[in-house]
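Beneath this line is the structure, given in structure tokens, with notes to follow.
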Amino acid sequence: MPELTRRNFLAASSALTLAGLIGGGAAFAQESRLRLSWWGNAERAERTNKIIDLFKAANAGVEIEGQTLPGGGDYWTWLATQTAGGNPPDVIQMDYRYIFEYAGRGVLLPLDDLLASTIDLSNWPEERIDVGRVDGKVYGISLGANTGAVILNLTAWEEAGIEPPTIGTTWEQFADLCTQFTSKTTRTGFFGTQDASGHETSFETYLRQRGKASYTADGSLGFDETDAKAWFDLWSEMRKAGACVPADVQALSQGNVDTSVVTVGKAATGIAQSNQLVSYQKANTDRLGVTSIPVIEGGQPGQYLKPSMYFSLSSQTKDPELAGKFLDFFINNPESMQILGVERGAPEAPETRQAILPSLDEASQEALTYLDNIASVIGALPPAPPQGAGEGTTVLMSVAEEVAFEAKSSEQGAADLVAGMAQAVARG
């Protein structure tokens with residue numbers, strides 16, 4: 001999921017609030033024109049634009065304007081600003097974190113009528129349709145399932161002569177392996193892993209393994225200072241041992257593939273989403289692999305299958321039928337299936353996964369196989385994050401960085417994290 005800076009989140013929140021107040025929208029120049037927005041890197045843009053071209057070739061007179069932004073807070077600031085100005089995209093790439101907020105404020109169009117006529121999900125498991133429901137109505141079509149994953153530079157691990165982490169590796173074992181790697185690698189300024197102390201997916205997984213959660217069903221925090229301190233202590237010890245990159249190196253990462261410490265050649269391991277293996281491999285010349293996030297011995301399953309992202313429709317679109325037709329083409333057209341592969345996640349329909357498997361490259365096949373092999377670490381889908389959770393993510397990143405730079409102790413960081421995240425969700 002794209003990460004927000006505090007400044008961008010506040011700007012987005014203000015713009016979205018305004019959007020809920022003003023209503024209405026600017027009419028498009030012609031009803032056969034659609035605007036489509038998404039976040040992602042150049043590879044995702046290339047795949048998406050190929051499908052746009054296919055759709056236009058099959059539908060004479062239709063024009064689709066694609067608009068893409070890099071992963072990060074810029075996308076959500078841009079989207080909220082477009083919505084506030086009465087000119088939102090017709091088709092919106094949406095995230096699990098934000099779909100409840102956007103649907104609740106009337107920004108998104110319920111898709112139930114289109115599912116009965118235009119968008120064919122007849123071969124989808126019902127529970128994978130349900131992941132797009134808000135208050136009983138479908139507001140998003142999942143573009144793929146994914147889960148957290150450890151991205152491994154297999155070439156670097158092999159060079160160091162150390163077996164990399166595997167499914168079921170504990171956090172203590174992970175720290176030890178990464179420490180060994182750093183001491184044995186011949187690559188200069190190269191470490192075992194990224195510092196994931198400020199990484200939301202990693203922290204949430206750790207909390208779930210402890211029987212806790214980031215947020216409860218009623219929208220309050222599901223953890224306390226004890227949990228947060230244990231998390232910060234884990235990474236503080238890894239920094240001291242040299243297992244993970246120093247704070248100044250991690251601070252340069254912008255939360256995307258291209259600037260990750262794996263891609264820029266600073267670490268042999270990173271934690272991301274499973275579908276991102278494809279983009280990581282495209283951005284790296286070394287051979288990469290994937291495994292599960294480390295576990296707590298005797299702990300509960302921490303990972304879960306989530307929609308990697310959705311396509312939703314704006315409630316202001318002037319041509320919902322055409323927009324729905326495009327969504328159906330995007331997920332069901334045989335050529336589209338091959339173009340998409342698993343870059344946006346494993347397709348939700350089992351038939352689609354089987355249809356594309358033979359044509360997938362090695363990284364895409366590995367991403368699919370990974371999802372088949374991690375049942376032991378997969379738990380139930382948690383409740384949707386409450387409003388304000390986006391700002392909570394920013395608080396985690398900020399506090400973790402302060403602890404990493406030793407501006408705060410783990411104990412003070414834990415107190416500040418709990419207070420800051422609680423305030424963020426209270427503001428909504």
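FYI, side chains are in, hydrogens and waters are out, and symmetry mates aren't considered; it's all heavy atoms of this structure.
Applying the salt bridge (charged side-chain N to carboxylate O under 4.0 Å, His left out) definition to pairs two or more places apart or across chains, those involving residues 343-352 are R44-E343, R128-E348.
A donor-acceptor contact closer than 3.5 angstrom is absent between the side chains of S314 and D90. In this model, no donor atom of one side chain and acceptor atom of the other lie less than 3.5 Å apart for T205 and R208. No hydrogens or angles considered: a donor-acceptor pair under 3.5 Å links the side chains of T259 and N256. Side chains of Q300 and R210: a donor-acceptor N/O pair is absent below 3.5 angstrom, by distance only. If you check the side chains of T201 and Q273, you find a donor sitting under 3.5 Å from an acceptor. For the residue pair Q67/W78, the side-chain donor-acceptor check at 3.5 Å is not satisfied. Between the side chains of S364 and D361, at least one donor N or O lies within less than 3.5 Å of an accepting N or O.
Exactly one of L277, L154, V278 qualifies for a side-chain contact (heavy atoms from CB on, under 4.5 Å) with L288. That residue is L277. Applying the side-chain contact (heavy atoms from CB on, under 4.5 Å) test between C244 and each of E237, R239, Q250 identifies R239 as the sole match. The side-chain contact (heavy atoms from CB on, under 4.5 Å) with L313 is formed by just one residue from the set I119, L34, I141, L114; it is L114.
In plain terms, the two heavy atoms of P89 and Q82 that are nearest each other are CD-CB, 4.5 Å. Across every non-hydrogen atom of K306 and D95, the tightest pair is NZ-OD1, 4.1 Å.
Counting heavy atoms from C-beta outward, V342 and P347 have side chains that approach closer than 4.5 Å. With contacts defined as side-chain heavy-atom distances shorter than 4.5 Å, the pair V91/L327 qualifies. A 4.5 Å side-chain heavy-atom check between P294 and T170 finds every atom pair outside the cut-off. Annotation: side chain of W124 is in contact with side chain of I331 (closest heavy-atom distance under 4.5 Å). With contacts defined as side-chain heavy-atom distances shorter than 4.5 Å, the pair L79/M94 qualifies. Using a 4.5 Å heavy-atom cutoff, the side chains of S292 and P165 are not in contact. For the pair F311/I92, no side-chain contact is recorded, criterion being any heavy-atom separation below 4.5 Å from C-beta on. Looking at heavy atoms from C-beta onward, T269 lies in side-chain contact with V150 at the 4.5 angstrom threshold.
The CG atom of D258 sits 9.0 Å away from atom OH of Y280, with the distance rounded to the nearest 0.5 Å. Separating the OG atom in S214 from the CE atom in M421 is a distance of 5.5 Å, to the nearest 0.5 Å.
Ion pairing between K408 and E402 holds under the 4.0 Å rule for side-chain N and carboxylate O. For the pair E126 and R133, the salt-bridge criterion is met [side-chain N within less than 4.0 Å of a carboxylate O]. Salt bridge D286/R187: present, at least one basic N to carboxylate O contact under 4.0 Å. Salt bridge E101/R105: present, at least one basic N to carboxylate O contact under 4.0 Å.
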message = Apply side-chain hydrogen bond (donor to acceptor under 3.5 Å, both in side chains) to residues Q412 and D416 and explain how you reach the verdict.
response = CA-CA 6 Å; Q412 184 61 55; D416 290 349; 2.8 Å; yes
task = Go through the steps to decide whether M238 and T193 satisfy the test side chain to side chain contact (heavy atoms under 4.5 Å, CB included), and finish with yes or no.
result = CA-CA 9 Å; M238 290 181 69; T193 183; 3.7 Å; yes
message = Is there a side-chain hydrogen bond (donor to acceptor under 3.5 Å, both in side chains) between R35 and N87? Walk through the geometry before answering.
response = CA-CA 10 Å; R35 290 173 59 226; N87 191 32; 3.3 Å; yes
key: Verdict with supporting geometry, T147 and Y304, side chain to side chain contact (heavy atoms under 4.5 Å, CB included)   = CA-CA 6 Å; T147 186; Y304 56 90; 5.6 Å; no
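K212 NZ: more than 12 foreign heavy atoms inside a 6.0 Å radius.
Using cut-offs of 30° and 60° on the angle between ring planes, the pair W231 and F203 is tilted. Aromatic ring pairs are classed by plane angle as parallel below 30°, tilted from 30° to 60° and perpendicular above 60°; the pair F55 and F326 is perpendicular. Between Y96 and F100, the two ring planes are perpendicular [angle over 60°; tilted spans 30° to 60°]. Classification of the F181-W157 ring pair by plane angle, with boundaries at 30° and 60°, yields tilted.
Looking at T77, its side chain never comes within 3.5 Å of a backbone N or O of D74 through a donor-acceptor pair.
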